[in-house]
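Input: a single structure, listed below in structure tokens.
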Amino acid sequence: MGSNQAKTPAVLGGEPEFATPLYYTRARVPDRGVFDSYVDRVFESAWFTNDGELVRELERRLADRLGVGFCCLFANGTAALLAALKCLDLDGQVLTTPFTFAATVHAIAWNGLEPVFCDIDRDTWNLAPDAVQAAATDTTSAIVPVHVFGVPAALANLERIAKRRSLALLYDAAHAFDVRVGEAPIGSFGDLSVFSFHATKLFHTMEGGAVVGSDPALRDELALLRNFGIVNEEEVRGLGINGKMSEVHAATGLALLEATTRDVDRRRRLAAIYEQSLGAIDGIGFQRTADDTAGNGSYLAIRIEPERFGLDRNQLHDALRAENIVSRKYFYPLCSENEAYRHLPSAARENLPIAHAVASEVLCLPLFGDLPADDVERVVAAILAIHRAAPAVRRALEEAAR
Ligand code: T4K
């Protein structure tokens with residue numbers, strides 16, 4: 001435990017636990033020598049984008065690592081989602097979760113489809129298959145589940161519903177790089193899966209994303225869609241976009257592959273420290289994941305039960321901020337609360353009671369590959385001190401808000 005287990009919380013006048021802000025994540029910086037060696041190749045060839053050599057090399061290596069038939073790289077995860085939905089040739093309504101980043105739902109709407117929000121499971125925080133089953137109608141064409149915080153969605157049940165109703169199944173796997181379920185890689189489920197390689201992700205290319213799958217016809221369609229639909233010099237087919245990844249972004253990814261393997265190990269170890277120490281505090285819970293899942297430690301999300309913890313999630317967030325610990329309220333507010341979607345019948349609060357409860361109680365704590373274990377213990381010590389002084393902390397925060 002940190003140096004000051006009996007410390008006075010900073011909101012009560014104590015010293016902040018950290019002198020400078022500790023953010024909930026910090027991007028992994030590639031080794032400069034390795035990165036430069038890839039960039040040298042790019043400069044020598046003067047070939048910076050449009051299906052370049054490094055993009056193709058990264059696609060091969062990622063397909064191998066992720067255990068999938070193909071990996072089609074994109075400029076970002078959102079462009080990858082847009083193209084994945086487009087190539088599945090959907091219409092009508094698409095069932096999805098409100099407990100996700102805006103991009104999941106925006107990509108559905110940008111494809112001219114109507115997102116239909118379904119409630120989530122109280123333990124895994126992922127789409128609840130019962131709610132999906134109940135929301136499916138004759139106008140439903142697809143399900144877009146998210147493996148939120150890297151915890152796999154209810155794969156078998158969702159697949160059953162999709163098969164029975166002939167719905168497409170596109171997984172938003174933005175958080176799930178390197179996750180496995182038993183022997184099966186996470187990207188091997190559904191028709192297609194989409195990863196984000198944004199700088200805040202476990203594996204990143206600064207900006208980037210990918211669609212993975214096994215059907216070569218879908219791979220060809222995706223390659224067309226990301227390059228304006230250009231078939232050849234004289235033919236442009238369909239509504240393609242510019243979704244290409246550049247060679248320098250691919251260089252970042254190639255330079256980070258090995259470091260990512262080490263990061264997964266480190267993150268898992270740090271997550272275990274958090275879980276062991278915080279699990280003993282009344283009112284702190286964790287997301288449930290199946291025993292056969294090998295997670296990636298990409299996020300450390302806790303759930304605060306206000307009555308037992310003594311403070312609600314927002315109060316803990318603010319009290320931690322005073323300690324210079326910058327936590328994050330992912331994914332609050334729910335996507336269904338966005339002004340673009342709140343008029344939808346499925347966005348009604350009564351339709352999403354569990355999602356509302358989870359979104360108001362979850363907090364992501366600092367977790368990244370370079371985070372010293374000692375810092376994890378200091379974050380835990382700060383939370384413990386805040387919990388022990390909960391009534392006074394609550395009064396101080398209420399006073400400050402007046
Ligand atoms: N589906 C899901 C489920 C997603 O979560 C996302 C993206 C997508 C789809 C779409 O994929 P992309 O199109 O983004 O590839 C971040 C990311 O921008 C976004 O990629 C991510 N999800 C989302 C969950 O988080 P912000 O606005 O919360 O990040 P920001 O700028 O506040 O940064 C958070 C922290 O990360 C900073 O406090 C410090 C650290 N950081 C950030 C940046 C940008 C770094 O250390 N280095 C950096 O370069 O959205």
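This chain uses plain numbering: 1 for the first residue, then up along the sequence. Just follow the structure's listing: the first ligand is 1, and inside any ligand the first atom is 1.
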**Request:** Tell me which one of H175, H147, E207 gets a heavy atom nearest to atom 3 (C) of ligand 1.
**Result:** H175
**Message:** Taking the ring of H175 and the ring of F331, is the distance between their centroids below 6.0 Å?
**Reply:** yes
**Message:** Starting from atom 21 (C) of ligand 1, what is the nearest protein heavy atom, named by residue and atom, and what distance separates them?
**Reply:** K201 NZ, 2.8 Å
**Option whose closest heavy atom lies nearest to atom 16 (C) of ligand 1, chosen from T100, V29, T200** = T200
**Under-4.0 Å heavy-atom contact between protein and atom 36 (O) of ligand 1** = yes
**Those residues that, when tested against R60, pass salt bridge (Lys or Arg N to Asp or Glu O under 4.0 Å) (two or more places apart)** = none
**Asked** Do the side-chain N and O atoms of Y299 and Y330 include a donor-acceptor pair separated by under 3.5 angstrom?
**Response** no
**atom 34 (C) of ligand 1 [closest protein heavy-atom partner, distance rounded to 0.1 Å]** = Y24 CE2, 3.5 Å
**Request:** May I ask you to decide if the ring planes of H147 and Y171 are parallel, tilted or perpendicular, using 30° and 60° as cut-offs?
**Result:** parallel
**Location of contacts on A27 toward ligand 1, heavy atoms closer than 4.0 Å** = both
**Request:** Check each heavy atom of R328 against ligand 1 and say whether those closer than 4.0 Å belong to the side chain, the backbone, both or neither.
**Result:** side chain
**Message:** Ring centroids only, cut at 6.0 angstrom: are F101 and H106 within range, meaning strictly under it?
**Reply:** no
